[in-house]
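Reviewing the structure listed below.
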Number of protein chains: 2
Amino acid sequence: MSRTKDTNPIPSVWTREQRRTDQPALSRDAIVREAIAMLDADGIEALSMRKLGARLNAGATSLYRHVATKDELMELAVDEVAAEIHVPPAGGPDWRAAVTEAAGSFRTTALRHPWLTLVLGQAGLAYLGPNYMNFSERLAALFTAAGFPEPNRAIDAVFSYVIGMSTTEAAWLTTVARSGESESEFVARLLPAARQASAGYDHLAAAEPETSAQAGDPAKLRDDKFAYGLEVVLDGLALRLPK
Amino acid sequence: MSRTKDTNPIPSVWTREQRRTDQPALSRDAIVREAIAMLDADGIEALSMRKLGARLNAGATSLYRHVATKDELMELAVDEVAAEIHVPPAGGPDWRAAVTEAAGSFRTTALRHPWLTLVLGQAGLAYLGPNYMNFSERLAALFTAAGFPEPNRAIDAVFSYVIGMSTTEAAWLTTVARSGESESEFVARLLPAARQASAGYDHLAAAEPETSAQAGDPAKLRDDKFAYGLEVVLDGLALRLPK
DNA sequence: CCTTCGATGCGCACACTGTACGCAGGAGGG
DNA sequence: CCCTCCTGCGTACAGTGTGCGCATCGAAGG
């Protein structure tokens, strides 16, 4: 039984390579950080436990010592990124400017990490992470100080809008990125198809020149669109502010 | 070479089962219909080409004769479901009621098919499907008739809000469904964790009784929240309507 | 010093995924 | 009759998340 021939190279302390301590040891933080880098670079479907492990000079299953499951890893990534959202301190003189700042910060964060909204629309309770909690707390403080008797309803109104717009924009930017072209190029190439698709639809065709008139800078157009909708929501909220 | 013994049962017209024409033949429509049924029943990660094929008495790869790829199938499913969204005809006396109806219809559709918003946030160009085009066209007609000089901006404002809120609600309902409990039960069981998570956050803790006070019917609470935010947006838009 | 122990990383394996490819069989047209 | 086209399928490949048990380590305890 024990005399089966072992043709494999004899494992030895000398052949076995040294444990490398130069690389930062595998840790939850390092894993999350690298996962975010991969998500940002190559999109959500490019992240696999094996590739992530390889990037950290580790095997795929080693990651599971620090993270229970891939879903949990995604929630950790979401919360990590939530720390980038800036909410001004409560009590300033201009609540609208403060809310605009917070909304804009959420949007740019969501566009910098286009997988964020995807995970938010999927993951159970990413809302309970510390950074996300912090974000919520600061928002609550802001709206309370502004004088809203039911701050949660106001927050939900504003940020449902912000999330919806950011989701749509992120999806758009993702497909643009996949095309390998710049946004303007992609728009130009898409135009004929869009025109043809909206042929026969009176109002879509009518609205089209309005859209493609200032087709100069698509990014600026998106900025304006976002700002417009946000102003709409804030105006509606201002009406409900007891004076 | 040809004399190798064949131990398999001899294939014959008699042993081979009849082609069943009782089952509706594999067709793109049938595939999409069945896919939607599976998505509704078991969620987005439960849909695989193999299982879908099995449900249709077909092999997995047979589906590819009618559908180029799984992503394309998802886009078809989205467009199919988009037909359920009801937009009142343009030109009625009360544009707010009409928009409220359309927004509500979008929301109930999104909650009936909780995978919808997920795919929307991912797929980018599902928008070119005929039903989705129809939906957009009717919206454009509605807002134009209401008198908005830039109907697209108004539509984007309203439906970014609607999409954002629906996405959040759908995600919530999905995790509730996964728990196997009713929404009230799940809320009750989640409460301690939420309370603990918001300990130390003054404003979140302060807002909590406000939320859990009428914890009677969570579904009604969500309805109210949605209606509130929608009113906010519509008020903001009304200010921009040239009179 | 040696021994023990808990923590960490890893190789293997399993069940599953989307889908490319080539073949078999039936439908219809010459 | 043959020939061509269309449909379905079996097989196969390259991947996926992750459970399990083993090897290795640094530290702790005797």
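In the text below, chain A, chain B and the rest are named by the order of the sequence lines, each starting its count at 1. All values derive from a computational prediction rather than experimental measurement.
Residues passing the side-chain contact (heavy atoms from CB on, under 4.5 Å) test with A/Leu73 are A/Ile31, A/Val32, A/Ala35, A/Met49, A/Leu52, A/Val67, sequence neighbours excluded. A/Arg107 meets the side-chain contact (heavy atoms from CB on, under 4.5 Å) test with A/Leu111, A/Ser166, A/Glu169, A/Arg222, A/Asp223, A/Phe226; sequence neighbours excluded. Residues meeting the salt bridge (charged side-chain N to carboxylate O under 4.0 Å, His left out) test with B/Asp224, sequence neighbours left out: B/Lys220. A/Glu80 pairs by the salt bridge (charged side-chain N to carboxylate O under 4.0 Å, His left out) definition with nothing, not counting sequence neighbours. Applying the salt bridge (charged side-chain N to carboxylate O under 4.0 Å, His left out) criterion to B/Glu84, with sequence neighbours excluded, gives B/Arg112.
Straight-line distance from the CD atom of B/Glu45 to the P atom of C/dG18: 12 Å, rounded to whole Å. Note: CG (B/Leu56) to P (D/dG8) measures 10 Å, nearest angstrom. Atom CG of A/Asn57 is separated from atom P of C/dG11 by 12 Å (rounded to the nearest Å).
Dashed line: the shortest gap from a side-chain N or O of A/Ser62 to OP1 or OP2 of C/dC10 is under 4.0 Å. Phosphate proximity of D/dC6 to B/His66: absent, as no side-chain N or O sits under 4.0 Å from OP1 or OP2.
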Next on the checklist: Base contacts versus sugar-phosphate-only contacts with protein, heavy atoms under 4.0 Å: please encode nucleotides 13-20 of chain D as B, S and - from 5' to 3'.
Outcome noted: ---BBBB-

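With salt bridges taken as basic N to acidic carboxylate O contacts below 4.0 Å, one links B/Glu45 and B/Arg178.
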